[in-house]
Amino acid sequence: MNSRDPQAVSPSGIPSPVFRNTLSQRTEPLLTRVPGEVTMYVCGVTVYDDCHLGHARSQTVFDLLHRLLRRLGYRVRYVRNITDIDDKIIRKAQETGRTIGEITDIYIDSFHRDMRRLGILSPEKEPRATRYLDPMIRLIGTLLEKEYAYRRGNDVYFRVRKYGAYGELSHQKIDDLQAGARVATDEEKEDPLDFALWKGAKPGEPSYPAFFGDGRPGWHIECSAMSLSELGETIDIHGGGMDLMFPHHENERAQSESATGKRFVGIWIHNGFVTLNEEKMSKSLGNIFRIRTFFETSPFPEEVTREWLRVFLLSTHYASPVDLTEDNLAHAKNALDSLYLFKNRLEGVPGESREGPRTLEFLSALCRDMDTPVAFRVLHEAKNALNPLFSPGEVPPEDQLSDARALFEAARNILGILDLPSSGWVYGKGESGTREESLPPEEMDRLVLEREKARREKDYSRADAIRERLKNAGYLLEDNPGGLPRIRKI
RNA sequence: GGCGGCGUAGCCAAGUGGUAAGGCAGAGGUCUGCAAAACCUUUAUUCGGCGGUUCGAUCCCGCCCGCCGCCUCCA
């Protein structure tokens with residue numbers, strides 16, 4: 001990279017972030033079409049069921065990217081679609097006796113609730129497939145005109161072999177794909193690899209008018225149409241789960257590039273799976289863990305659960321699998337607890353934030369293909385370096401404190417964690433006490449003072465009894481030689 | 001079968017051609033009325049295995065073993 005190239009640095013002045021591009025299989029700097037502005041399209045969901053932790057990971061990873069790019073000073077034009085017309089939605093409607101609109105309403109709400117719970121920042125636009133039928137029809141029209149598409153009965157198919165680059169994204173040779181392709185007897189495709197752009201109307205299925213025949217869009221075409229409409233012919237970043245690489249993204253790319261003659265995507269980014277005891281979580285395997293289940297069974301309040309889950313999902317590099325186990329979840333919670341304990345000390349010394357070496361190390365780690373494990377390391381190193389410098393009447397030097405404040409702010413803004421005041425955090429495993437006894441604040445204050453009195457009188461059995469009572473109510477008292485005890489929620 | 005990825009301590013996980021970050025958990029200790037928190041010390045002669053290149057490889061090359069994923073709906 002030429003250092004005089006204005007694109008070698010992000011608008012913030014920090015060197016441009018680099019990402020592993022699925023297409024080239026190399027790590028490449030982000031070179032945006034428009035300087036200072038990033039166009040990013042991420043596959044959202046098909047709304048026919050509640051989202052599971054795999055969706056949570058994907059959305060969290062691209063939320064991290066969204067937040068990182070913003071922090072680097074880019075204007076991020078982030079589009080995340082909702083596919084609301086699809087075979088699976090139709091089937092779900094038939095199974096449940098509801099209308100398609102009812103199904104999509106239910107699951108769009110569910111998706112939005114999950115995203116809110118996860119603390120995912122809203123994208124700039126969230127287009128729905130059914131509102132982009134005209135662009136889809138126009139796109140299919142162009143493909144027909146250019147003979148990249150052909151009609152068979154009421155269906156329209158994409159002519160895969162005419163697009164020479166087919167298979168490049170998923171690194172498959174077209175003949176290898178051919179060998180595995182399923183040949184459906186009721187389809188009259190020229191080639192088994194060809195895929196449907198438009199499915200002719202059938203009784204009992206929704207259909208939309210089109211000049212090549214009434215029907216509904218096939219999978220894939222909606223994403224091409226929406227990204228083309230909202231972000232233009234070439235987008236800087238396109239993301240999604242690894243399982244979308246083939247056929248979804250391969251097909252999207254084929255359609256889009258065939259229609260426009262231009263490169264569709266600068267950098268393709270695919271995140272790895274969430275595994276459950278090392279097995280892929282997927283609907284076909286039936287081992288899914290829903291986001292709502294995670295939140296609704298968590299022993300912690302929503303905002304605590306959110307950060308806990310985010311740390312768990314981000315503790316592994318986005319391209320590697322992350323394994324959902326009790327152990328790994330417990331580690332994530334412990335790590336956050338210790339960071340909040342440190343945050344509590346940091347909050348005790350108000351002052352300004354100024355980016356120093358730790359903050360820069362944190363940012364540059366994230367700029368290296370979102371290296372979150374290193375980013376977490378930096379947070380822990382800051383904690384471990386500054387903690388010993390706190391002692392009664394002593395605080396660490398101001399330059400280190402201001403850097404640590406900036407670091408924690410960056411963690412809040414980019415990782416979406418450490419967002420709560422330390423008094424709002426709930427420590428521990430969420431197992432202590434029955435929590436049935438809720439204490440009004442004034443009662444708690446009274447008990448704390450009563451215990452202090454007991455301690456002064458060396459009536460330790462009484463002091464311990466009060467501490468035990470507070471513990472059962474979910475509060476841990478930590479004696480403090482300098483004054484009143486610190487109260488931690490557990 | 002084809003393609004891709006991975007294999008680093010109990011677990012999670014960085015990393016570099018020059019002799020192994022960090023976290024969590026564990027052990028011992030300091031402090032404390034006891035705790036908690038914090039702190040100190042401690043935990044891989046070794047980076048799946050075998051060869052090769054090199055003065056020197058965990059990092060480069062080859063082979064092998066094991067795991068995972070994609071090739072079919074899927075974040």
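The chains referred to below are lettered A, B, ... by the order of the sequence lines, with proteins before strands, and numbering in each begins at 1.
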Visitor: Using a heavy-atom cut-off of under 4.0 Å over every strand shown, decide if A:Thr316 touches base, sugar-phosphate, or nothing.
Guide: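 Sugar-phosphate, no base atom in range.
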Visitor: Under a 3.5 Å cutoff, is there a donor and acceptor pairing between the side chains of A:Asp84 and A:Tyr107?
Guide: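 A:Tyr107 and A:Asp84 do not have a side-chain donor-acceptor pair below 3.5 Å.
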Visitor: Pick base, sugar-phosphate or nothing for A:Arg455, based on heavy-atom distances below 4.0 Å to the nucleic acid.
Guide: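 Base contact.
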Visitor: Just checking A:Gly272: base, sugar-phosphate only, or nothing, at a heavy-atom cut-off of under 4.0 Å?
Guide: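 A:Gly272: base contact, heavy atoms under 4.0 Å.
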Visitor: For A:Ser338 and A:Leu476, take the nucleotide of RNA chain B holding the closest heavy atom to each; which residue's nucleotide lies nearer the 5' end?
Guide: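 The 5'-side residue here is A:Ser338.
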Visitor: Cation-pi check, A:Lys280 to A:Phe273: give yes when NZ or CZ is under 6.0 Å from the six-membered ring centre and within 45° of the ring axis, no otherwise.
Guide: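 Flagged: A:Lys280 positioned over aromatic ring of A:Phe273.
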Visitor: Which nucleotide in the set B:rG5, B:rA35, B:rG33 lies at the smallest distance from any side-chain heavy atom of A:Arg451?
Guide: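 Of the candidates, B:rG33 comes closest.
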Visitor: So what does A:Asp87 hit on the nucleic acid, given a heavy-atom distance under 4.0 Å: a base, only sugar-phosphate, or nothing?
Guide: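 Answer is nothing: A:Asp87 stays at 4.0 Å or more from every strand.
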Visitor: Under 4.0 Å, counting only non-hydrogen atoms across every strand here, what does A:Asn271 touch: a base, just sugar-phosphate, or nothing?
Guide: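 Result for A:Asn271 = base.
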Visitor: With both distances under 3.5 angstrom, what nucleotide forms a Watson-Crick or G-U wobble pair with B:rU72?
Guide: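 Paired with no nucleotide.
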Visitor: If the cut-off is 4.0 Å, is A:His331 near the phosphate of B:rC24, judged by side-chain N/O to OP1 or OP2?
Guide: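 No, no such contact exists.
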Visitor: Is any NZ, NE, NH1 or NH2 atom of the basic residue among A:Asp464 and A:Lys471 found under 4.0 Å from an Asp or Glu carboxylate oxygen of the other?
Guide: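 No, A:Asp464 and A:Lys471 are not salt-bridged.
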Visitor: With the side chain of A:Phe246 defined as its heavy atoms from C-beta on, choose the nearest nucleotide among B:rG33, B:rC3, B:rC70.
Guide: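 Of all the options, the side chain of A:Phe246 is nearest to B:rC70.
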Visitor: Whether A:Ser315 contacts B:rA13 is assessed here as follows: a side-chain N or O lying under 4.0 Å from the phosphate OP1 or OP2. Is that the case?
Guide: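 For B:rA13, OP1/OP2 do not have a side-chain N/O of A:Ser315 under 4.0 Å.
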Visitor: Using a heavy-atom cut-off of under 4.0 Å over every strand shown, decide if A:Phe273 touches base, sugar-phosphate, or nothing.
Guide: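 Contact class for A:Phe273: base.
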Visitor: Does one side chain, of A:Tyr166 or A:Glu250, offer a donor that lies under 3.5 Å from an acceptor on the other?
Guide: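 A:Tyr166 vs A:Glu250: no donor-acceptor pair found between side chains.
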Visitor: Closest-nucleotide mapping onto RNA chain B: is A:His317 or A:Asp464 further toward the 5' terminus? I mean the 5' end.
Guide: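 The residue whose closest nucleotide sits nearer the 5' end is A:His317.
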Visitor: Provide the distance between the two C1' atoms, one in B:rA9 and one in B:rA44, to the nearest whole Å.
Guide: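 Nearest-Å result for B:rA9 against B:rA44 at atom C1': 5 Å.
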Visitor: Going by atom types only, do A:Asn344 and A:Arg488 share a side-chain donor-acceptor pair under 3.5 Å?
Guide: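 Absent: no donor and acceptor within the cut-off.
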Visitor: Does a donor on one side chain sit under 3.5 Å from an acceptor on the other, for A:Glu307 and A:Tyr340?
Guide: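 A pair is found: one side chain offers a donor N or O, the other an acceptor, under 3.5 Å apart.
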Visitor: How is A:Val274 classified with respect to the nucleic acid when contacts are heavy atoms under 4.0 Å: base, sugar-phosphate, or nothing?
Guide: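 Counting heavy atoms under 4.0 Å across all strands, the contact made by A:Val274 includes a base.
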Visitor: What is the base-pairing partner of B:rA38, counting Watson-Crick and G-U wobble geometry with both distances under 3.5 Å?
Guide: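 Because both required distances fall under 3.5 Å, B:rA38 counts as paired with B:rU30.
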Visitor: Mind checking the C1' distance from B:rU54 to B:rU58? Whole angstroms is fine.
Guide: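 B:rU54 and B:rU58 have their C1' atoms separated by 15 Å.
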Visitor: Mind checking if A:Lys280 touches a base, just sugar-phosphate, or nothing, with heavy atoms under 4.0 Å?
Guide: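 The answer is base, as A:Lys280 lies within the cut-off (heavy atoms under 4.0 Å) of a base atom.
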Visitor: Looking at B:rA25, I'd like to know if its phosphate oxygens (OP1 or OP2) sit under 4.0 Å from a side-chain N or O belonging to A:Asn334.
Guide: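 So the side chain of A:Asn334 is within the cut-off, an N or O lying under 4.0 Å from OP1 or OP2 of B:rA25.
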Visitor: So A:Gly54, base contact, sugar-phosphate only, or nothing? Heavy-atom distance under 4.0 Å.
Guide: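 A:Gly54: base contact, heavy atoms under 4.0 Å.
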Visitor: Just name whichever nucleotide pairs with B:rG22, Watson-Crick or G-U, keeping both distances under 3.5 Å, else none.
Guide: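 Result: B:rC12.
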Visitor: Considering only the P atoms, how many Å lie between B:rA20 and B:rU72, rounded to the nearest integer?
Guide: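 Roughly 47 Å separates the two P atoms.
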Visitor: Counting the atoms with a prime plus P, OP1 and OP2 as sugar-phosphate, which does A:Met245 contact under 4.0 Å by heavy atoms, base, sugar-phosphate, or nothing?
Guide: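 The answer is nothing, as A:Met245 stays clear of every strand by at least 4.0 Å.
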Visitor: Taking 4.0 Å as the cut-off, does a side-chain nitrogen or oxygen of A:Asn387 come that near to OP1 or OP2 on B:rA37?
Guide: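 Answer is no, no contact under 4.0 Å.
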Visitor: Under 4.0 Å: is that the gap between some side-chain N or O of A:Lys471 and OP1 or OP2 of B:rC34?
Guide: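 The answer is no; no side-chain N or O of A:Lys471 sits under 4.0 Å from OP1 or OP2.
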Visitor: Is it true that A:Glu168 and A:Lys173 have a side-chain N and a carboxylate O under 4.0 angstrom from each other?
Guide: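 Salt bridge absent between A:Glu168 and A:Lys173.
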Visitor: Watson-Crick or G-U wobble partner for B:rC63, using a 3.5 Å limit on both distances?
Guide: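 Paired with B:rC63, as far as the under-3.5 Å criterion goes, is B:rG49.
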Visitor: Please state how far atom CG in A:Leu477 lies from atom P in B:rG33, giving the value in whole angstrom units.
Guide: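 It works out to 16 Å between those atoms.
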Visitor: Report the base-pairing partner of B:rU54 (Watson-Crick or G-U wobble, both distances below 3.5 angstrom), or none.
Guide: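 B:rU54 is paired with nothing.
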